[in-house]
Chemist: 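Quick one: the structure is below, questions incoming.
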Amino acid sequence: MLRHIARRLGSLHGQQIFNGLKGISPDQLLSKEIHRHLQSSLETISPISTTSLWPFSSQPRDFSQPNSSWSPEMRKVYDDYIGLCDTDSENGEKQKGPWRKLPSYNRSIKYATAGIHLSKLIQAKARLFTRNVKDQGATFEYVVFVNKEEKRCVCVFQAGHLLEGAPGHVHGGAIATIIDTVTGTLAGFLSGPIMTANLNIDYRSPMPLGSVVLIHSALDRIERKKTYITCKVTSTDESKLYTEATALFVSIGVGHLFGSRN
Ligand SMILES: CCCCCCCCCCCC(=O)SCCNC(=O)CCNC(=O)[C@H](O)C(C)(C)COP(=O)(O)OP(=O)(O)OC[C@H]1O[C@@H](n2cnc3c(N)ncnc32)[C@H](O)[C@@H]1OP(=O)(O)O
């Protein structure tokens with residue numbers, strides 16, 4: 001199917017996409033591309049050439065950029081981590097930092113080369129659960145920073161008013177969602193395409209709506225197809241523990257999503 005779609009796109013775009021897929025199975029295609037993009041800078045998608053006839057934008061929107069709904073606390077933690085990321089110095093040289101901010105799109109497929117175009121063709125109405133509400137600040141505001149060397153990440157998360165569970169506090173399912181997302185992002189970054197097999201959560205303290213918290217995730221171990229991640233959710237000064245979790249992700253070929261076992 002992907003080759004068929006690429007053939008149609010390729011006819012619009014100088015055969016670029018289809019030629020790139022020759023000899024590669026759909027499984028290999030997305031596995032390779034998604035993994036390569038996650039492992040590399042994750043900064044931009046390689047855009048395919050566009051013509052004025054092409055109705056779609058070629059750059060996906062990064063949802064993990066500051067916006068007016070962010071509290072000063074959210075912005076301060078974000079700025080602190082940005083200060084630890086790769087930067088361009090005044091003389092134009094790259095300065096290495098231990099952290100990297102990951103972009104966040106409203107569909108995972110957008111991480112793949114030409115994924116923004118494929119996303120218009122495959123289940124076009126689908127949206128990532130955590131990025132499906134347009135009202136900024138209403139649900140999940142979050143940014144993930146990853147430290148590749150230490151195989152861990154930190155997510156700055158501001159919980160919006162539509163995430164209520166117990167009165168005035170964040171729903172346990174919403175907390176599970178953001179934990180699944182952050183631990184899954186780290187597992188995907190380290191191991192390529194994965195799915196959640198197991199998620200264990202201990203809720204230690206209620207999290208007030210509007211809270212800004214840190215979600216610390218780290219690799220525990222990798223055994224064959226299994227990637228084990230540990231997770232702690234704390235206040236931004238790390239004095240308060242809200243939640244602890246462990247997660248198991250199993251590596252998949254993309255064919256797994258279409259019913260084939262490999
Ligand atoms: C893109 C970036 C940004 C994107 C940012 C977004 C990130 C979002 C991340 C969210 C991800 C999700 O929510 S995913 C949605 C929720 N998850 C699902 O729907 C998954 C449904 N389950 C499945 O499809 C399957 O059961 C799998 C893939 C989990 C496992 O497939 P399988 O076919 O059973 O795997 P199999 O090869 O037999 O097993 C491999 C090894 O894992 C072990 N194993 C398998 N399942 C389990 C289990 N539940 N608990 C313990 N161990 C297990 C086996 O014993 C074996 O161990 P050994 O013999 O090697 O010792």
Side-chain angles (χ1 to χ4, degrees), residues 1-13 15-50 54-65 100-134 139-140 142-144 146 153 155 177-178 180-197 225 227 249-262:
M1 181 184 72
L2 289 173
R3 220 180 266 116
H4 171 71
I5 293 165
R7 192 193 301 272
R8 286 179 52 206
L9 289 171
S11 67
L12 285 172
H13 299 286
Q15 295 294 324
Q16 285 183 51
I17 301 174
F18 183 64
N19 288 343
L21 299 187
K22 274 182 184 163
I24 301 177
S25 71
D27 287 7
Q28 289 172 314
L29 166 75
L30 285 188
S31 301
K32 274 185 182 174
E33 289 302 328
I34 291 171
H35 196 197
R36 184 166 66 77
H37 280 269
L38 285 170
Q39 283 285 8
S40 67
S41 72
L42 278 157
E43 281 161 357
T44 53
I45 280 186
S46 322
I48 60 172
S49 67
T50 51
W54 188 249
F56 307 132
S57 73
S58 59
Q59 289 295 324
R61 174 181 161 203
D62 180 1
F63 284 75
S64 60
Q65 299 287 352
R100 183 179 301 282
K101 174 189 164 298
L102 299 185
S104 179
Y105 307 133
N106 61 6
R107 296 197 66 190
S108 302
I109 197 172
K110 291 183 179 175
Y111 288 92
T113 298
I116 190 163
H117 304 293
L118 293 173
S119 72
K120 307 285 182 184
L121 299 167
I122 303 169
Q123 289 276 334
K125 288 186 174 172
R127 294 291 178 271
L128 193 66
F129 189 28
T130 50
R131 296 296 189 196
N132 67 5
V133 172
K134 288 211 171 104
T139 57
F140 300 92
Y142 65 100
V143 184
V144 178
V146 68
C153 72
C155 170
T177 295
I178 194 70
D180 190 21
T181 300
V182 176
T183 54
T185 297
L186 180 63
F189 182 82
L190 297 171
S191 299
I194 44 81
M195 285 191 90
T196 317
K225 285 162 69 179
T227 302
F249 296 89
V250 173
S251 295
I252 57 161
V254 175
H256 187 81
L257 301 175
F258 300 98
S260 81
R261 293 258 161 192
N262 54 4

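Residues: numbered from 1 along the sequence shown.
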Chemist: Could you check whether atom CZ of F63 has more than 12 heavy atoms from other residues, nucleotides or ligands sitting under 6.0 Å from it?
Modeler: yes

Chemist: Working to the nearest 0.5 Å, report the span between CD1 of I178 and OG1 of T183.
Modeler: 9.5 Å

Chemist: Which atom names give the shortest non-hydrogen contact between S104 and D62, and what distance separates them?
Modeler: N-OD1, 2.9 Å

Chemist: Of the non-hydrogen atoms in V250 and A197, which two are nearest, and what is the gap between them?
Modeler: CG2-CB, 3.7 Å

Chemist: Between atom CG of N106 and atom OG1 of T130, what is the distance when rounded to the nearest 0.5 Å?
Modeler: 9.5 Å

Chemist: Shortest non-hydrogen contact from P60 to K110?
Modeler: CB-CD, 3.9 Å

Chemist: Would you mind reporting whether C153 and V182 have side-chain heavy atoms less than 4.5 Å apart?
Modeler: yes

Chemist: Measure across A126 and R107 and return the closest heavy-atom pair with its distance rounded to 0.1 Å.
Modeler: O-CD, 3.1 Å

Chemist: Roughly how far apart are F249 CZ and M195 CE, rounded to 0.5 Å?
Modeler: 10.5 Å

Chemist: Where is the tightest heavy-atom contact between V144 and Y142, given as atom of each residue plus distance?
Modeler: CG2-CD1, 4.3 Å

Chemist: For the atom pair OH (Y111) and OG1 (T185), what is the distance rounded to the nearest 0.5 Å?
Modeler: 6.5 Å

Chemist: Of all the heavy-atom pairs spanning I194 and S191, show the shortest one and how long it is.
Modeler: CG2-CB, 4.3 Å

Chemist: Atom OG of S251 and atom NE2 of H256: how far apart are they, to the nearest 0.5 Å?
Modeler: 11.0 Å

Chemist: In Å and rounded to the nearest 0.5 Å, what is the CG to OG1 distance from L186 to T227?
Modeler: 9.0 Å

